Amino acid sequence: MDPVLEVKDLKVGVDTGKSVQSVLDGVSLRLFPGKTLGVVGESGCGKSMTALATMGLLPDRFAVTGGSITLAGEDLLAAKPSRLRQLRGNAMSMIFQEPMTALNPVLTVERQITEVIELHQKKSSAEAREIALEMLRAVQIPGPEDRLAAYPHELSGGMRQRVMIAIALACRPKVIIADEPTTALDVTVQAQIFRLLRDLQMQTDTAIMLITHDLGAVAEMADDVAVLYAGKCVESGTVEAILGAPAHPYTRGLMSCTPRLRLGAAANDPQAEGLGEIPGMVPPLGRFPKACRFAPRCALADDRCHTDTPPTYETAPGHSALCWKPTAEKAVA
Amino acid sequence: MKPLLDVRDLKVHFPLASGQTVHAVDGVTFSVNEGDSFGIVGESGSGKSTTAQALMRLVDPVAGTMQLEKHDLSSLDGEPLRTIRHMMQMVFQDPYSSLNPRLRAGQAVREPLDLMGLGPVRGRENRVDEMFRQVGLHPDAKRLFPHQFSGGQRQRLCIARAMVTEPRLIVCDEPVSALDVAIQAQILNLLKRLQKDKRLTYVFISHDLAVVQHICTHVAVMYLGEFVEQAPTGQLFAAAKHPYTWSLMAAALSPDDRSRAGARFTVTGEPPSPINPPKACRFAGRCPFATDRCRTEKPALRDFGNGHRVACHYAGELTPPLPELAATA
Amino acid sequence: ETLVVGTTQVPRHFNGAIQSGIATFMASSQIFASPLRYDGNWNPQPYLAKSWDVSDDGLSVTLHLVEGATFHDGEPITSEDVKFSIMTIKANHPFQTMLAPVVDVETPDPLTAVIKLEKPHPALLLAMSPALMPIIPEHIYGEGDIQQNPANLAPVGSGPFKFVEYKQGEYYKLAKNEDFFLDGLPKMDEVIVQIIGDSANLVLATERGDIDMVPFMSGIRDVQRLEKADNVEVSDAGYDAVGALNWIAFNTKKAPFDNPAVRQAIGYAINKDFILQRLLGGVAKDSTGPITGTSPLATDDVEKYAFDLEKATSLLDEAGLTPDGNGIRLSATIDYIPGSPEIGRNVVEYMRTQLKQVGIELEVRTAPDFPTWAQRIANYDFDMTQDSVYNWGDPVIGVDRTYISSNIRKGVIWSNTQQYSNARVDELLAAAAIETDQTKRAELYKEFQQIVVADAPILYINEVPFYTAYKKGLTHLPDTIWGAVSPWDQVEWSE
Amino acid sequence: MPPLVKKLASAIGLLLAVVVLNFLLIQLAPGDPVSVIVGEMGGASEDLIAQMRAEYGLDKPVWLQLLIYVGKICTGDFGFSYYFKQPVLNLILQRLPATILLVVSALVLAVVIGTLMGIFSAKKPKGILSHFVTIFSLVGYAAPVFWTGLMLLILFASIIPMFPVSGMMNVRGNDTWYGAVLDVLHHLVLPAVTLASIYIATYSRLSRASMLDVLGSDYIRTARAKGLNERRVVFGHALRNGLIPVVTMIGLQFGQLFAGAVLVETVFNWPGLGRLAFESILRRDYPTLLAILFFSAILVMVANILTDLAYGRIDPRIGGPRRKKAKPRAAGATQ
Amino acid sequence: MTDTTATLPQSGPEPIGPKPAHPVTEFMRAFARNQSAIIGLVLLAIMLGTTFIGPFLYPVDPYSMVDLPFAPPGGEYAPLGTDYLGRDMLAGIIEGGRATLAVGAAAAVISVVIGILVGSFAGFFGGAVDAVLMKVTEFFQILPTLLLAMVLVTIFGASLVTITFAIGAVSWPQVARLARAEFMRIRKLDYVAAARTSGARNAYLIFRVILPAALPPLIVAAGLAVGAAILFEAGLSFLGLGDPNTMSWGLIIGQNRNYLLDAWWTVTLPGVAIFITVLAISLVGDGINDALNPKLRRR
Ligand SMILES: Nc1ncnc2c1ncn2[C@@H]1O[C@H](COP(=O)(O)OP(=O)(O)OP(=O)(O)O)[C@@H](O)[C@H]1O
Ligand SMILES: Nc1ncnc2c1ncn2[C@@H]1O[C@H](COP(=O)(O)OP(=O)(O)OP(=O)(O)O)[C@@H](O)[C@H]1O
Ligand SMILES: [Mg+2]
Ligand SMILES: [Mg+2]
């Protein structure tokens, strides 16, 4: 199967006025129809930048400096701005983290949904309204007819995120990029949203890039996973491979840091008490180590890790890690 | 043993400009023994932070009592309140806004000592150095400004500031939810270690069940201004009895476990507004087990032994829709 | 044909019988006719009264009205209206001395009115001019409180022009009175008086030709500028009877200004030449005494206070005002009327600089508005002040008030605020007021003028210059002694 | 509609306070009007003075005068102008339309020009042109408004006589109604531009700041992600949000605008309330002055209520129940 | 376990990554990058130099007549011409600048002090205090400031002191609103709550914790208030309500306004002086504002 979206060796730099600093350095991702790719990593690793670069919405002073992005065979980096506008909201759309602020507070729900339909599908406003209503039904908003006239502030957080999803799905895009779509929501609502996304994906065969910092969400949603660290994709593979047998010490670190909920009998199991730690923090832009970027925080790092750039190591077909010691002991002290 | 903190029927209401009232905390009762850590979990808007602020007397309760050792927190005011503030300190959620950007790190930690005149003036600087070391910061960092620290380091500063007065009680309002998992783990480990070393007492607020389970000895589940279930940690996670607690547990995601994906128990809807909360069971509107009784009669908080209290008419009668709990039930 | 007249003055209303001021006079002279009018040489002319007689004892004046004259509403003008008007004016007009001796008006028949006086009153004839004695219809103004009569703002008169409309603060429109009792007049079909509060704007508008005539121009620079404008002419003909004098008055009850020597010293210390030529650009005429120079009653034979610093210093020495360590002999305040900077503020500022040379330190006190100034002066809270006072034709109307000791009335502006009292002056003025023989009257006034100038309760600076600017081609401008506060019935465009 | 009722009640309370304060303030002023009138009459007897004081009610104690005044205002009687010798209400009603015309057109000009400038410089905050716009918008603000007026007057009425010098219409009259309208507009240009010039800076600064804010917001990113072009992003999504603080400012600034009108009306001889105010201060015509202050307060309040309504139309959040903001999450390593 | 063993590995004073610049440094940099602000700064320096050093470089008595009235600029005795009394315009502008700037600064201080007091109490205490104070503020805002100031000056007399107070007394509401908004915003920040739990009293919270944080925009407002007060004074002088005994720019314009058509320099030059000063103040103020605005700094 061909990927619908392919990001190859993407490099993004930011012009700080004095120099151009690397934000993303060789990120490669593949997104298949009907599948979900989870992109994980700590804050500041470049997850959002990857998404924005794909959408062609990088902020001022950020620019793609290398690599390629292909959407259904079309080279997005070579496309004209007008062509990109045609694709945005149409062939690829995006869901943002804060449903509170991502909807325009002064426009009705109807306007915000129909706008994208009228723009891309050249529908009349009556038709667009019908489609909008259909979308609201699809995202399971109760009383969709009444909600059309509502303003975002009249909706709860979960409803707003549903509206965002309706907007994103309105033109039946090939790709949806969801940048931490549930971080601002309560857990019970998060569960509802995830279920909704999965249901819709099954109906439409849309490919989803799910950006998150939560390995639990990855486990819940993703088919494939890419782990980003400091602008590099340090590990990628299927979700079973990565969560089941993480190859990169960073991935393993993340796993051990995450507190697990122990229910039932396991709740009183004293062994599970310990919580792993990754010391230090993600280096800020411009302070990336030269060789392995994770080396300063890595318990396994030796001299080589600090001097030489690690190779891509393929542990299994489709499962690769950017590390000198990918298979070293699983337990991180 | 007399508990360190004893809260009875605490209520905090906020009047709105429109004339309505937000029932942010609506009758909460609990007590915490010295050396324990009492966790409060619940969704956004359930009144966790308001409870914390009421404990710290940052907002004024409209009813109820709060007894910290021999002091009645709810009746103190002005100077007397100020003079006992050293007994209780707080760690806030957002490490970025909880440090005054104009104070150097050292000053920030020292400020409570100066303001409350604790300890000999000369010894204060040493005390600050010691606090820095205890939270894992180098004392040289005292002269830096908050913006020169990372989020995790700032949270360490906040913890140092909270501990410098040797408080009997520390209220932590989601101290790690603004942090990345890796940093979160560091801070959780720090808090835990400090508690063990100093026999600190925590009231620990979080929306993350896993975190609460990790840190706390007792847990209360809060919904719309009320505690719907509270119990010692082990007991709660082994045998939760309230449907809302179940829904929180079901919604928690784990990287190890993909089996439940797609088939988990979810409740519908979102919490109603605390402006006009339902008169009877507040969770009834979202509860798959709700009956007419739930919609008309307010469930009492019933004790199931060992301090396990549940506010549900059918507590103990329902089968949990979670396989793990069902196994132990 | 339309005549657009520009003015800076806002009329409060148009009833000149109860309201003074150029703005009201100007309008009321057009709308109302009066018993007499004057030519450019102080000669009375028939107007509503085709003739008049003064009895030998000077105690009654008989007016014979023209026949067939009507008010604008068609009602005939009768002697009853004349009586009503005179009694109204006597009761309400600000110029209280003007008709004070009138006891009654008899109306033997509709066209004859006999004014009865308690004592001879030579000023009466001048008081019968259009500006001062509008004949107002009794059937309109007879009801209720005349101060609040709505017809004050929508007047009905018998003059050459009828009132059309008034846009408060903007303009008022007058239309030709087709039934005017003087045949062939007025020449204009319509008169619009446009009010432009700021003189610079008025000048600009005149330069541009938006305005045909600007009467009562007194701004030095404005006059000079319009003199240079291509299509505009400027003339100072007329206005003799208005007789506006600009002077510096002393509080003669306050030391050291109670000493005439000090007042005289100041008179010698100021260089009037500089004021007239430099500050006032040669546009204003010198003023040497209390009566305006063009009046037949004025005299030239008075002390002139030629610029003489030495004399000033020695007078001050004599008065015992010797310089202190800083060379200061005395400190005093000086006020000025806000609103006409050239003859007010500028002159005063000049005096401050100038008097420093003889050791007098002046502090200029500004009043934010006229009432503040009036309040200070009327309550004698001042040392020196600039002031402008109008003669209004006859000394009895406009001059006596400043000097008679019986008019020292606290709280009343333009009374004898100098508190000057001189028995001889009182005597002279009383005699002159009832002297019907012109020559003898002039003699009495001459002595009065000499005494007052020598005593120097007031230092006369200049006559307030009044000019009329008009578009080339406009002829028969109002150039009588009353200038523009007389009817504009003859003004016309030459072909 | 309780909120509106509440607003009106509070407005009436404020208005009453305005009346009382002004009345008392003016009692402090030296020089009562009778002395002025008497002065102009060239003097009057004590009797007459006393009679006039009685006539104007000035002989009564202050509190009684105040009560009488408030009572009269409630019945719509604003007294009789000492100076202009006519009912104050007449005077005001004659002048009010001119002021409203001037102030509203200046406001519209300032808001439109200012906002456009603000949007422009918010789009390119660091460009040379943006600096130019910044400075240009400040030109009108930094110069004293009367001075601007005088300069415009010399330039466009004297040197290049394009516009009339003064007044509101040609006194010679107009033949047709549209001629009259055009004539008024012709007269309006210079005063309105002058008055607007002060506020252009305010509005451009404000809309620049708010547009910067708005353009950086998430929903603008959403709009771009929908594939909208920049024009639609700016005018369809950003503008309405960016206008919210502008609208607030309009209400707040209306009083100042009216104050500016005093100067502009003086310079251009515009027959409005501002000039009347100036004249009545100079003449100590207190009934008129009090009424002007009263009416300007009403004008400002009406403007405030109107902006509130407009505000409600622009921003649907006004009036609705407010929900708590979503919880802030990981702010990231940078700040 | 003892305390020493509880001590964690210590992360240093210098975290990984570039040391973020101090906010003040960052602010200076942002300000320096703003060309129009720099232009403003230069202009302001020139105007301040003229008024404060000018009298030494150009020691001509501004009150004495040096030439004929209305001598045009470029004349032998007066480089910028003379006014209606033949006084030196340049000397007048130098002299007048002091009074103008003094009135501006003093009035700004008055309005900012009142504004901050009112605004901070309203914003800090909220509730009834806020409601009452805001009603008072609103009350002052619905009266046209210039008219109110005119009335005040008329009542209390036209001296620099009354003018200053009148201007200050009518222009504080804007500052009060700004201060209130800032206080409301900052009051909600956690570090204020932290200071309270650290035992801070209200006075300490208001003046030591919140006020310093609220100060930057208030300082900008104060600067802009100086400009506004200068314009205000000029307006009053133009209407003839200025202090006649002290030369100020507004007074020079007001006194010469009738001669604008004949002696343009008498009105134009002091107008230009006001214009440049206010422009400079505004540019600098805007520059500071922009430099304080993180949205702009980032770009
Ligand atoms: N507007 C910006 N200006 C400058 N740097 C930025 C900007 N936005 C992001 N960055 C930096 O770019 C890097 C990548 O950021 P990105 O937003 O992609 O991280 P992320 O992985 O999405 O983090 P998070 O989980 O916090 O959303 C980070 O170092 C961040 O600090
Ligand atoms: N000052 C206030 N005025 C009015 N309502 C308030 C105020 N503070 C909190 N509330 C309301 O009280 C309720 C409880 O808020 P609280 O902050 O305690 O919730 P929380 O459980 O801490 O939520 P979160 O997880 O989002 O922090 C919410 O509905 C909130 O909107
Ligand atoms: Mg992100
Ligand atoms: Mg909270």
Side-chain angles (χ1 to χ4, degrees), chain A residues 41-45 140 142 156-159 184-192 194-195 198-199 213-222 239-240 242-244 250 253-269 272-282 284 297, chain B residues 42-45 150-153 179-186 188-189 192 207-215 233-240 244 247-258 260-262 264-271 286 320 322-329:
Chain A
E42 282 176 277
S43 203
C45 283
Q140 295 164 16
S156 65
M159 297 280 211
L185 303 176
D186 280 319
V187 278
T188 52
V189 182
Q190 163 172 299
Q192 296 166 12
F194 278 164
R195 171 180 282 186
R198 237 187 345 255
D199 291 350
H213 60 276
D214 181 357
L215 288 177
V218 169
E220 180 85 3
M221 293 291 290
V239 67
E240 290 82 7
I242 289 196
L243 296 185
Y250 178 62
L254 283 182
M255 293 281 284
S256 74
C257 282
T258 313
R260 310 290 209 283
L261 188 63
R262 289 161 284 116
L263 296 178
N268 292 312
D269 177 2
E273 281 283 311
L275 205 54
E277 243 179 62
I278 307 178
M281 58 194 221
V282 183
R297 301 176 74 188
Chain B
E43 288 178 291
S44 186
S150 73
Q153 288 169 331
L179 304 173
D180 267 319
V181 265
I183 313 295
Q184 168 177 326
Q186 295 168 6
L188 288 177
N189 287 342
K192 216 167 168 179
H207 60 271
D208 187 338
L209 282 178
V211 166
V212 169
Q213 184 179 33
H214 186 74
I215 287 277
T233 309
Q235 188 158 345
L236 184 90
F237 289 93
Y244 178 62
S247 75
L248 287 182
M249 288 174 167
L253 305 173
S254 162
D256 310 326
D257 181 11
R258 280 173 52 72
R260 280 178 302 153
R264 57 172 79 240
F265 164 65
T266 48
V267 292
T268 53
E270 289 169 60
R286 300 173 71 195
L322 292 158
E324 299 93 327
L325 292 188
T328 55

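All figures in this text were calculated on a predicted structure; none of them were measured in a lab. By convention in this document, chain letters (A, B, ...) are assigned in the order of the sequence lines, proteins followed by strands, and residues within each chain are numbered from 1.
Put simply, the side chain of B:Q186 gets close to the backbone of A:G280: a donor and an acceptor are under 3.5 Å apart. For the pair A:E42 (side chain) and B:V181 (backbone), a donor-acceptor distance under 3.5 Å is absent. Listed for the A:E220 side chain is no donor-acceptor partner under 3.5 Å among the backbone atoms of B:L253.
Side-chain contact between A:T188 and B:T266 is absent, with no heavy-atom pair separated by less than 4.5 Å.
Here the CG atom belonging to B:L209 is positioned 12.0 Å from the CZ atom belonging to A:R262, to the nearest 0.5 angstrom. Here the CG atom belonging to A:L275 is positioned 8.0 Å from the NZ atom belonging to B:K192, to the nearest 0.5 angstrom. Summarising the geometry, atom CG belonging to B:D180 is positioned 10.5 Å from atom CE belonging to A:M281; distances are rounded to the nearest 0.5 Å.
Counting all heavy atoms, side chain and backbone alike, A:C257 lies closest to B:A182 at SG-CA, 3.7 Å. Across all their heavy atoms, A:R260 and B:A210 have their closest contact at C-CB, 3.9 Å.
Contact of B:L188 with chain A is made through the side chain alone, with heavy-atom distances under 4.5 Å. The part of A:L254 that comes within reach of chain B is its side chain, from C-beta onward, which places non-hydrogen atoms under 4.5 angstrom from that chain. Only the side chain of A:Q190 has a heavy atom closer than 4.5 Å to any heavy atom of chain B.
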Just do the side chain to side chain contact (heavy atoms under 4.5 Å, CB included) check on A:L261 and B:Q213 with the steps written out, would you? CA-CA 7 Å; A:L261 188 63; B:Q213 184 179 33; 3.6 Å; yes
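For chain B, the option among A:P142, A:P259, A:A191 with the highest count of heavy-atom pairs below 4.5 Å is A:P259.
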